[in-house]
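Here's the structure, in structure tokens; my notes come after.
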Amino acid sequence: MEQHAATYADPTYANVSRRPDTPIETLAELQKAVRQIVSETPVIDIHTHLYAADFEERLLWGVDQLLVYHYLTAEYFRQGELSYDEFWALDDACRADKVWQALFVDRMPVSEAASGVITALNRLGLSPAIYGRNLDAYRAAWQNKTAAAQVNDVLTAARVKSVVMTNDPFDAVERAVWLEGSGCTDARFQAALRIDKLLLDLPSAAVELRSLGYDVPTDDPSAFFQEDTLAEVRRFLRDWCSRIGALYIMASLPGDIQYPVPGNALTTLLDEAVVPVCRELGLPLALMIGVRRQVNPALRLAGDMSMHADLRLLERLCLRYPDLELLVTVLARENQHELAVLARKFRNLTPFGCWWFLHTESMIREMTAFRTELLGTSYIPQHSDCRVLEQLINKWDHSRSIITGVLYDKFARLHQDRWFVSESDIRRDTEQYFGGVFQQVLSRAKKVKG
Ligand code: FIX
Ligand code: ZN
């Protein structure tokens, strides 16, 4: 700090190699330092659909998987030749061929999702200048790789310290890994308990709970909300959080959810089961709000849509439970500013990431700029939502370069007003964005425990 109080024009600072805590002298040097620090700081990716290699076929990786990612299948159906039925009748390799031809060969891959594949290939050492536009040439590069080795290579290349998975106890294949296998043995992959089915499809969740040994009624919805049943739901949540070592409990919700609504299933489950278990175990609740599922079922996983959300749900949860840490992302662009303003009202509300259709260059830039202007360094600018391992590279590369631009603009203004910035300042604030805020949310939640 003292260094900052010194006169900037002080000749002491001229022509000496800079110590990390000395002010950066010129805007050009400032820009270079921000670019370097943001690009090299390791990140915790707080929401993905990736799995550790323990989960075998659940971990998606390789160039064919990059091409059949649902963001790209949606784009294929706009421009490719096949009908839905013809496309889905193919196996993944043939689907990948079709996507490659339609989106990468017949036209330039300029969309965010398509250009992301090119970034990943290039950064993996498969320069298109050498490998050209022949998909088989890229495929060959994956042939002798193992999943475990690729995990190491990708996490290193993307400078991702750890990723949080999405762990759904209602998914039979995943459940088997936790119940019958050794679970997750790679500490770089951390767990989050996903409970959409419990909150949004109680009748089928009840059947599954019962088959897992929890004493809940499956035929009479009104009986579900008796205290002994809710105690069983809490036991289920507790058991699974501890089995998987969940960092948080999470759900995605449509935008029109109202809360609280007396007698309503979702309100009761939140108030009587989810929030009490979060508090008891000292875990945050993560909500991803504003998705309208299966607007076009023919697109399968790509068939979901965004919708405007009524954020009073959050306002009321924050008010009712000031000690509940809420990690929140919303899907509609129209809700973003409101979410940032709401976070100014409630310290237990932490916005995170630019989710899904907002994970594009222009949206990330816009959102990161105004979130920084409204919230400083007290939010989490990005998560990747990756479903395919190698996407960590392009999604984080693209995001880092946009975050660099926003941070540089903010620091440059301070610099011009003679509030000089040092490398230590840049590093500290970048670390805050890339994991610090998340860790603080986790430790505030832990304090509530018990
Ligand atoms: O609900 C979610 O976690 C969404 O991120 C996914 O359902 C969605 O399919 C996705 O992959 C978005 O990036
Ligand atoms: Zn997701």
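We count ligands from 1, going down the list as the structure has it; atoms in each ligand are counted the same way.
- For atom 2 (C) of ligand 1, the closest heavy atom belonging to the protein is Arg194 NH2, 3.3 Å.
- Annotation for ligand 1: atoms under 4.0 Å from non-hydrogen atoms of His70 are 8 (C), 9 (O), 10 (C), 11 (O).
- Less than 4.0 angstrom separates some heavy atom of His47 from each of these atoms of ligand 1: 3 (O), 5 (O).
- When each atom of ligand 1 is checked for a heavy atom of Asp385 under 4.0 Å away, the hits are 5 (O), 10 (C), 11 (O), 12 (C), 13 (O).
- Residue Lys145 holds its NZ atom at 5.5 Å from CG of Asp153, rounded to the nearest 0.5 Å.
- Considering backbone and side-chain atoms together, Tyr69 places no N or O closer than 3.5 Å to any N or O of ligand 1.
- Between the side chain of Asp54 and the backbone N or O of Thr185 there is at least one donor-acceptor pair closer than 3.5 Å.
- Nearest protein heavy-atom neighbour of atom 7 (O) of ligand 1: Arg293 NH1, 3.1 Å.
- Counting only heavy atoms of the protein, atom 13 (O) of ligand 1 lies nearest to Tyr71 OH, 2.6 Å.
- A cation-pi arrangement is present between Arg58 and Tyr51, with the terminal nitrogen or guanidinium carbon under 6.0 Å from the aromatic centre and inside a 45° cone about the axis.
- Taking a 6.0 Å sphere around CZ of Arg347, one finds it holds 12 or fewer heavy atoms contributed by other residues, nucleotides or ligands.
- An N or O contact shorter than 3.5 Å links His49 to ligand 1 by distance.
- Distances from the Zn ion (ligand 2) to each N, O or S atom of His49 single out NE2 as the nearest.
- A cation-pi arrangement is absent between Arg175 and Trp178 under the rule of less than 6.0 angstrom and at most 45 degrees off the ring axis.
- Applying the 4.0 Å criterion to heavy atoms of Arg387 picks out, from ligand 1, the atoms 6 (C), 7 (O), 8 (C), 9 (O), 10 (C), 11 (O).
- In terms of polar-atom proximity, Trp355 is counted as a contact of ligand 1, with an N or O under 3.5 Å from an N or O of the ligand.
- When side chains are defined from C-beta on, Asn167 counts as touching Glu174, because their heavy atoms get closer than 4.5 Å.
- Between the side chains of Ser204 and Asp201, a donor-acceptor pair is found at a separation under 3.5 Å.
- A heavy-atom separation below 4.0 Å is not found between Gln391 and ligand 1.
- Summary: OD1 is the N/O/S atom of Asp385 found nearest to the Zn ion (ligand 2).
- Checked options Phe87, Tyr71, Tyr84, Phe104; the residue passing with Tyr76 is Phe87 (criterion: ring pair (Phe, Tyr, Trp, His ring centres under 6.0 Å)).
- No more than 12 heavy-atom neighbours from other residues, nucleotides or ligands sit within 6.0 angstrom of CZ on Arg344.
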